[in-house]
Every structure is written in structure tokens, then in C-alpha cells.
Protein chains: 2
Amino acid sequence: MQNTRAASFRLYHFPLSPFSRKVRLSLAEKRIEVELVEERYWEPDHDFLRRNPAGKIPVLKVGNRHLAESAAICEYLEEIEPEPPLLPQSAEARYEVRRLVGWFDDKFYHEVTSKLLGERVHKKVMGGGYPDSANVKAGARAIKFHIDYMAWLLDQRRWLAGNELSLADFAAAAQLSCLDYISDVDWNRSETVKDWYAKIKSRPAFRSILADQLPGFPQPAHYADLDF
Amino acid sequence: MQNTRAASFRLYHFPLSPFSRKVRLSLAEKRIEVELVEERYWEPDHDFLRRNPAGKIPVLKVGNRHLAESAAICEYLEEIEPEPPLLPQSAEARYEVRRLVGWFDDKFYHEVTSKLLGERVHKKVMGGGYPDSANVKAGARAIKFHIDYMAWLLDQRRWLAGNELSLADFAAAAQLSCLDYISDVDWNRSETVKDWYAKIKSRPAFRSILADQLPGFPQPAHYADLDF
Ligand SMILES: N[C@@H](CCC(=O)N[C@@H](CS)C(=O)NCC(=O)O)C(=O)O
Ligand SMILES: N[C@@H](CCC(=O)N[C@@H](CS)C(=O)NCC(=O)O)C(=O)O
């Protein structure tokens, strides 16, 4: 392990960005202190674009370097700060974690989060007009399939990718917690998934996420409640 | 390293799928023998869906397990067969490879490949009607920006992520080679990028990709030509 702990970490993020949340959870679980800087990434800002040519958040500043792409950032954090581990030891178990991270970052995000959060929040915040109800309906339908899939996984394991907490749980919780902020998760659909979320939610690493506030979108009462 | 070489590898793929190509390149570079099975993934096929609940290709069968998600598969291959390495040693260099893999898998794919290949090939093959010219135009515009970005990177390094060939080069070449099959890459835009592609193209690992044929879309002459 290198002495990067001495370097100062700064995260450019947005409260309801699932990819930012995944990185925040990893940092917090590994007790890496970080300064959070909110970035209204849709406003043209050349300074921000210079930090990340992809123009996306999150961007993690480590010393003088600006790191983008949340999956690559989380692997990097795992390598510079292996404790506590968020990836297991064996190649097979590591594969399963990464598969599920891909599942939530790619499939869940495009089928669910971008449809619900994108229509209900981002359009309003960014001034993009009214939600498209076809998208909202498609997202609301797709989340059911995803919750059932999570329940099926969690019937066989303590956590999503195996018997230990991993990046896969953070990738999933990052998406679901954003949707929970806008009350788009039906926790009654699966007791198993609800129990899993209750376990994640009560971790110290989750505190900063439960404290998030988005102007114009008051936090619903159940959101930060550990007994939701 | 485990004795997975003894296990038989089978890859369910589609010739013009960039994510399949990325995995094929990794397998070939590491000299892992694989049986290729073409999967017409858009046709409802419950057997295929059982192998991968995401319903996406590529899927790699290793022994009795079915592995999906190309990025997770490539990391797995790196762990079970580290030679020749497609990820460098230091955490910083590994980060840069993974960032660029994410760049090509996510940003390039959505901005360019899905727009050009999706409209011109997939719609025709899958019977989805005529190409949407707005998408084609957007893809043709975006690829210029991406080629310029690659040229900028390659002005500082021998390969995309550093001075060694890595997964980042395969992720990029996987996307570009699919587009080259439909003559959508303007190799005159950058001598640097063209040289890079010529180097990749001449590797033994690339041979199977240059031999790909898609019924209804004859291979253009330059596609498999090493002196394009
Ligand atoms: N693959 C990227 C995706 C990040 C991403 O899509 N971020 C969104 C906010 S949640 C964004 O910045 N979108 C702006 C854009 O796409 O231009 C990652 O994992 O970091
Ligand atoms: N994140 C996946 C993406 C794979 C992917 O999008 N594959 C396309 C073909 S290139 C596919 O199977 N699409 C079918 C679908 O999205 O249902 C990976 O990297 O393996």
C-alpha cells in the first residue's frame, strides 16, 4: 500500500448521482477522508470539463490527479487501501462482484434509475421540462424485475455477491438509495431485499448519504429512517 | 493460477458485438483456446436467457459456469491467466487502463457505436426498419471527437493507457473494428490513430476478428487489409 492516505482526497459529486454515491460509500467504508464538492455537471463549466474530458461525475481528486469513471475509481481505492476489503480473494468470487457491479451500473441504471430519476428529478433540476410518462412507466415496471432478481440472489447468500459485503452491495445500494429519495422503491415487494437494505443503511458508511438534501425535493420521512 | 486452462472455454458471441470482440481479443492474446458460438441474442431463446439473466452477450462458459459482463470477464481472465499481462502493475497505471475501458465501453459505445452500428446493422439484421438519420449523424459527429481524443493520448504514449499494450487498447479496437466493418471510421483523420490501429490489427490475436463475416454485409476490402 502506498502512502496515498496522506494525499488529500476531494470528490466532485452530485447528491442524487448513483455513481457518486457508490464512490462515497467505498471511501467511507475504507475510512478515507474526503472533501465533497457539489458539481452541477450539466451547466457548461470548462474548468470541470478539463478535469474530466468525459464531462461526467464523479471525479475524485487525489493529490494532483483527477480520476473519473466510478468503477475504475473503486478498483483503485481497493488497491491503495485494501482494508476493509470490498472485493473477495478468489478469482471466481471477484468475478461475481464485478459482474454485479456491471449489472447495477449498466443494466439497472439504464433500465430503472435513468428512467425514474432522470425523468422526475434531472429534468426538473436541469430545466428539461415535464417527465415523460412512458419512461416513468417503463422504469417502474423494470424495478420490479430487478428487486425480484436481488431477492433471488439474497435467498442464496448473505450479501448480493456472496457471504461478505462487497462493492456489488454498494453499487446496488447507490442506485436504490437515489430512487428511495424520490419514494420510487416498493420495499414491500420483498422482505429479503428490505432486510438487506436495512443492513446497509445502518452502516456508518451510509450516514452521509442519508443526510443528503436536494433543494426543491424535500427528503421523505422514510428515507433516513433505519426502521423504514 | 488455477488449472482453468484444462476447463473448456466456450464464448457465446455475435461477430459485430464490440463487447464480444473485447473478450475474444483477451482470450486470443492469452492463448486461451475457445469455442465460438454465434448467438442471435435478439431472438427470444429461453435457453440463452437462462445462461445470462441480463440477456446480453458475450457470455463465456468456463466449465459449468456462465460468465456475463465483458469487463468482469476480462478481469477474471487476467486473474486466472496473468500472462501476457493486459493490466500493468501499479495502482495508478491500472486505474488508467480501467478508466479507458470504461470510456470505450460506456461513452464511446453509447455515443458512437450504438448510433452507427445500431442503426445501420442491428436494425436491418433484427428487422427493426430503416436507420434513423439523426442518430447516424450524431454518431458520425461524435466519432471525430473520440478519434481526436485518442490521438491526443497516443501523442504522449505508445499505447492508449501507457507504454504497454493493455485492455484499454482492446476495448477501443473492439469498438472501432466493428465500425470499420461498416466503413464508418475515417482513418485519414489522424495518422497517429491509424498507426495505432495498424499495430493492433497485425497482432495474431486480431486474426479471428478480421475473418468475421456477417451475412448481408459483405466485408469491405480495407477491413482485413493490414495496409489499409
Ligand atoms: N460510467 C460513469 C457514469 C457516470 C455518469 O453517468 N454520471 C452522470 C451523473 S449520475 C453524469 O455525470 N452525466 C452527465 C453526462 O452524461 O454528460 C461512471 O461510472 O462514473
Ligand atoms: N455491459 C455488457 C454490455 C453487453 C451488450 O450490450 N451487448 C449487446 C450486444 S453488443 C447485447 O447483447 N444487447 C442485447 C440487449 O441489450 O438486450 C458487457 O460489457 O458485456
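A note on names: the letters A, B, ... follow the listed sequences, proteins ahead of strands, and every chain is numbered from 1. Predicted model only: the values in this text are computed from it and were never measured. The analysis underlying the following values was restricted to heavy atoms, covering all of them including side chains, and did not include hydrogens, waters or symmetry mates.
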A/H110 vs B/H110, side chain to side chain contact (heavy atoms under 4.5 Å, CB included): CA-CA, chis, key distance, verdict: CA-CA 11 Å; A/H110 286 108; B/H110 286 107; 3.7 Å; yes
Step by step, work out the salt bridge (charged side-chain N to carboxylate O under 4.0 Å, His left out) result for A/E75 and B/R98. CA-CA 8 Å; A/E75 295 271 355; B/R98 289 174 173 136; 3.6 Å; yes
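Interface remark: A/H146 contributes no atoms to any contact with chain B (heavy atom separation under 4.5 Å). With a 4.5 Å cut-off on non-hydrogen atoms, A/I73 touches chain B through its backbone and its side chain both.
A donor-acceptor distance shorter than 3.5 angstrom exists from the side chain of A/Y95 to the backbone of B/A68, with no hydrogens or angles considered.
Annotation for A/Q89: atom CD does not count as buried by contact number, only 12 or fewer foreign heavy atoms lying within 6.0 Å. For A/R158, the CZ atom counts as loosely surrounded, since its 6.0 Å shell holds 12 or fewer non-hydrogen atoms of other residues, nucleotides or ligands.
The CZ atom of A/R94 sits 11.5 Å away from atom CD of B/E78, with the distance rounded to the nearest 0.5 Å.
Counting only heavy atoms from C-beta outward, the side chains of B/E92 and A/E79 never approach each other to under 4.5 Å. Between B/D106 and A/K56, the closest side-chain pair of non-hydrogen atoms falls below 4.5 Å.
Screening residues 12-29 of chain B for salt bridge (charged side-chain N to carboxylate O under 4.0 Å, His left out) gives B/R21-B/D212, B/K22-B/D105, B/R24-B/D212, B/E29-B/R203 as the qualifying pairs, with residues at least two apart or on separate chains.
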